[in-house]
Structure formats: C-alpha cells, structure tokens
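Notes to accompany the following structure.
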Amino acid sequence: MSTTGAHADPLVALGSLPGVAESVESVRKAVDRVYGHRVMRRRSNAITGEAALRGARGSAALSGADWALEEVRRRTDFSGDDEARVVGAALRLTAEAGQLLSIWRQSPLRVLARLHLVAAADKGQSVGRPRRAGEGVTETSAAGAAGPLVELPLPDAAEVEGRLDGLARLVIAGSSAPALVTAAVVHGELLALRPFGSHNGLVARTAERIVLIGSGLDPKSVCPAEVGHAELGRAAYAAALEGYVSGTPEGMAAWITHCGKAVELGARESTAVCEALQRGAA
C-alpha cells in the first residue's frame, strides 16, 4: 500500500472494504470477553506477563524458531545458536514495546530504529537505521524454514525511505479508522518494505503490538496477535501478506481480516489463561 500522496485519512477507506467491519466487530467482542473476565480484575499483571511470553514465542516461531512455550519459559541463555538468538530478540522486543508507547505517535521512525537496535543487539553500522542503496536483507531462517517474506520483491532504498516517511506521517496525523486497520497497515507496510537489514518480521509484529496497545483497543497488552499469527501458520501469513502487497481491495481486505483473526486468537489464548488461573491450574 502506498502511503504517500493519498487522501487525508486513507485508512478510513480501508475500514469499508468487504469483511473488514465484521472483522473489527469480532475483534472487539473477543477483546471485551477477556477484559471482562473476573480474573482480569484481580490478576491483570499476571495475564499481561503471560501474554508477553506467549506473544514473543509466536513471533519467534514465524521467524523460524518454533520453540515450545515451556522451553521459552525455562531458558535463560539465548546466545547459543540462530534459533536461540531469534527467541531472545522476540523476548527483548516484547519487553521494549511497552516503553515506547509515548514516543510512537510523535516519532514512529525513532521507535522503529530503536526496535531494530534491540532486536539486533549489536553495534554494527547498519543496526538501528533503514538500509541504504546496495544493502540487502538477511533474515534468520532456522532449520531451513523459508520465511514468509523471501519470495517478495525487495523495494529499493529510495522506495523504502519514501514509504517509511509516508507511514510516519500517517501515524503522527492519527486516523479515525479502527485500531485493527491501522495496526494491520503498519504491520503489512513494514513486512513489505523490510526496511532494515535483519529482524524485519520481529520488528513489524512488535509495531503492530504497539499500535494495538496505544490505540486503546488492548491497553493492558493481553491480546497477543503474534500468538494468532503463529497459530494460523506461516503459509497463511505469507499468502495474506501477498494480498497486502498487491494493493488490491480484495488483497488489502484479506490482510486486515487475517490480522483481525490473529488478534481474536490472541484474545482467546488469554481468556484460556484466565480460565486456568481461575481453576487454580496455572
């Protein structure tokens, strides 16, 4: 989706695409269900912490490191191999997201740079800035798993710069579109652009999380969309992203509703955690 030179609030039109309004309503009901659970009134911090862990696990799985939840919970050293480093990056990003909410609406590009710096965890010259002309993208692919982005044409540095600027202006200006629409566009645009030399998927999913929290849809961060994206699977994720990249109304609608389903599944996961806590099983 091009975010330059468009209508004053181009996201609003996306909210009227076929199936999007229904997805928005379904997401709202799922979010309300978990927020209305009696456990949330007493132990919301525990639910938030568990959602963060499960969200990080889901995001790492989409980036090729599909670890069991208990392994993520148990492990303390994430430096051993590529898979471990991906999981460690996902955990760091989830922890960092909550610290960047106040900056996002004023300086989204600064937040994205910070997210990449946190994910990469090194001081390389290309860390924490968009890639320049001639620089490629290297995404970790664990155990030979193909990432969802590898078949997409890679935009050049000039296109990345222009579209990132357009995305930043949209975020700063704000939108009356539903939070799901904004979050899906931020997520999709970052996946399509792959603006950094690495960790683009992890950064894009964290940015989606920041929008969902900051918009007020999920202020306590208990509906981890990453869980849903992982549950829906890498193939469905890649297919939905191709719809976004196509820019057609049908493709955009498919991507937004896919993201909506992911949020619903994340909310369902936390509802199950609430039920387990209520039974004393967790």
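The chain is numbered in sequence order, starting from 1.
In this structure His258 satisfies the ring pair (Phe, Tyr, Trp, His ring centres under 6.0 Å) test together with His229, sequence neighbours excluded. Scanning for side-chain contact (heavy atoms from CB on, under 4.5 Å) contacts around Glu25 gives Lys29, with sequence neighbours left out.
In terms of modelled atom types and a separation under 3.5 Å, the side chain of Ser59 and the main chain of Leu202 share no donor-acceptor contact. Although no hydrogens or angles enter the test, the distance criterion places no donor-acceptor pair under 3.5 Å between the side chain of Arg57 and the main chain of Asp66. Put simply, the side chain of Ser246 gets close to the backbone of Thr248: a donor and an acceptor are under 3.5 Å apart. Not a single donor-acceptor pair under 3.5 Å links the side chain of Arg42 to the backbone N or O of Met40. Counting only distance, with no hydrogens or angles, the side chain of Arg194 and the backbone of Val137 share no donor-acceptor pair below 3.5 Å. Although no hydrogens or angles enter the test, the distance criterion places no donor-acceptor pair under 3.5 Å between the side chain of Trp104 and the main chain of Ile210. At least one donor-acceptor pair closer than 3.5 Å links the side chain of Ser215 to the backbone N or O of Leu212. Not a single donor-acceptor pair under 3.5 Å links the side chain of Ser23 to the backbone N or O of Gly19. Checked by atom type and distance alone, the side chain of Arg205 never pairs as donor or acceptor with a backbone atom of Glu226 at under 3.5 Å. Judged by distance alone, the side chain of Arg92 and the main-chain N or O of Val118 form a donor-acceptor pair under 3.5 Å.
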Practice item. Output, in order, the C-alpha distance, side-chain angles, deciding distance and verdict of salt bridge (Lys or Arg N to Asp or Glu O under 4.0 Å) for Arg268 and Glu231. Key: CA-CA 12 Å; Arg268 186 185 71 180; Glu231 184 172 337; 2.6 Å; yes
Practice item. Check the pair Leu191, Trp255 against side-chain contact (heavy atoms from CB on, under 4.5 Å), reporting the backbone distance first and the verdict last. Key: CA-CA 12 Å; Leu191 284 179; Trp255 171 250; 3.8 Å; yes
**Study point:** Step-by-step salt bridge (Lys or Arg N to Asp or Glu O under 4.0 Å) determination, Arg85 to Asp81
**Key:** CA-CA 6 Å; Arg85 283 188 284 273; Asp81 54 31; over 6 Å; no
Review point. Could you walk me through whether Ile47 and Lys220 pass the side-chain contact (heavy atoms from CB on, under 4.5 Å) check?
Key: CA-CA 9 Å; Ile47 306 303; Lys220 294 187 177 181; over 6 Å; no
Check your understanding: Between Ser126 and Glu135, does a side chain to side chain donor-acceptor pair (under 3.5 Å) hold up when you go through it step by step?
Key -> CA-CA 9 Å; Ser126 64; Glu135 293 179 343; 5.7 Å; no
**Study point:** side-chain contact (heavy atoms from CB on, under 4.5 Å) evaluation trace for Glu275 with His37
**Key:** CA-CA 9 Å; Glu275 292 291 334; His37 199 285; 2.8 Å; yes
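Shown here for Ile172 and Pro108, the closest heavy-atom pair between the two residues is CG1-CD, 3.7 Å. Between Val245 and Ala192, the closest heavy-atom pair is CG2-CB, 3.9 Å. Of all heavy-atom pairs between Gly260 and Val27, the closest is O-CG2, 3.3 Å. Ser221 and Arg209 get closest at one heavy-atom pair: OG-NH1, 2.5 Å. The two residues Arg43 and Leu277 make their nearest non-hydrogen contact at NH1-CD2, 3.5 Å. Nearest heavy-atom pair, Val263 versus Ala225, reported as atom, atom and distance to 0.1 Å: CG2-CB, 3.9 Å.
In this structure the side chain of Tyr244 reaches within 4.5 angstrom of the side chain of Met252, judged on heavy atoms. Counting heavy atoms from C-beta on, the side chains of Leu112 and Pro195 never come closer than 4.5 Å. Annotation: side chain of Pro130 is not in contact with side chain of Glu161 (no heavy-atom distance under 4.5 Å). Using a 4.5 Å heavy-atom threshold, the side chains of Val222 and Ser44 count as separate. Using a 4.5 Å heavy-atom cutoff, the side chains of Glu264 and Ser26 are in contact. Side chains of Glu208 and Cys259 form a contact here, defined as non-hydrogen atoms less than 4.5 Å apart. Using a 4.5 Å heavy-atom threshold, the side chains of Pro224 and Ser270 count as touching. In this structure, His199 and Phe196 have side chains that are not in contact, with every pair of non-hydrogen atoms separated by 4.5 Å or more.
Under a hydrophobic-cluster definition in which Ile, Leu, Val, Met, Phe, Trp and Tyr are linked whenever side-chain heavy atoms come within less than 4.5 Å, directly or via other members, Leu62 and Leu91 are assigned to different clusters. Cluster membership check: Leu180 does not share its hydrophobic cluster with Leu265, using side-chain heavy-atom separations under 4.5 Å among Ile, Leu, Val, Met, Phe, Trp and Tyr. At a threshold of 4.5 Å between side-chain heavy atoms, the hydrophobic network of Ile, Leu, Val, Met, Phe, Trp and Tyr places Leu53 and Val87 in one connected group. Val181 and Leu241 fall within the same hydrophobic cluster, defined by Ile, Leu, Val, Met, Phe, Trp and Tyr side-chain heavy atoms under 4.5 Å apart, directly or through other members. By the rule that hydrophobic residues join a cluster once side-chain heavy atoms approach within less than 4.5 Å of another member, Leu232 and Tyr237 end up as members of separate clusters.
Annotation: the span from Glu50 atom CD to Cys274 atom SG amounts to 10.5 Å, rounded to 0.5 Å. Interatomic distance, CH2 of Trp67 versus CZ of Phe78, reported as 6.0 Å (0.5 Å rounding). Distance check: Glu269 CD to Arg54 CZ gives 4.5 Å after rounding to the nearest 0.5 Å. To the nearest 0.5 angstrom, Arg73 atom CZ is 11.5 Å from Glu71 atom CD. Considering NE2 of His187 and CD1 of Ile256, their distance stands at 12.5 Å, rounded to 0.5 Å. Taking CG from Leu170 and CD from Glu189, the interatomic distance works out to 9.0 Å, rounded to the nearest 0.5 Å.
Checked against Leu190 for a side chain to side chain contact (heavy atoms under 4.5 Å, CB included), the options Leu115, Leu167, Asn200 give a single hit: Leu167.
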Taking distance alone, no hydrogens or angles, what donor-acceptor pairs closer than 3.5 Å link side-chain atoms of residues 93-102 to residues at least two apart or in another chain?
| residue | atom | partner | partner atom | Å |
| --- | --- | --- | --- | --- |
| Thr94 | OG1 | Ala90 | O | 3.0 |
| Glu96 | OE2 | Arg114 | NE | 2.9 |
| Glu96 | OE2 | Arg114 | NH2 | 3.4 |

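The number of heavy-atom neighbours closer than 6.0 Å to CZ of Arg38, taken from other residues, nucleotides and ligands shown, is 12 or below.
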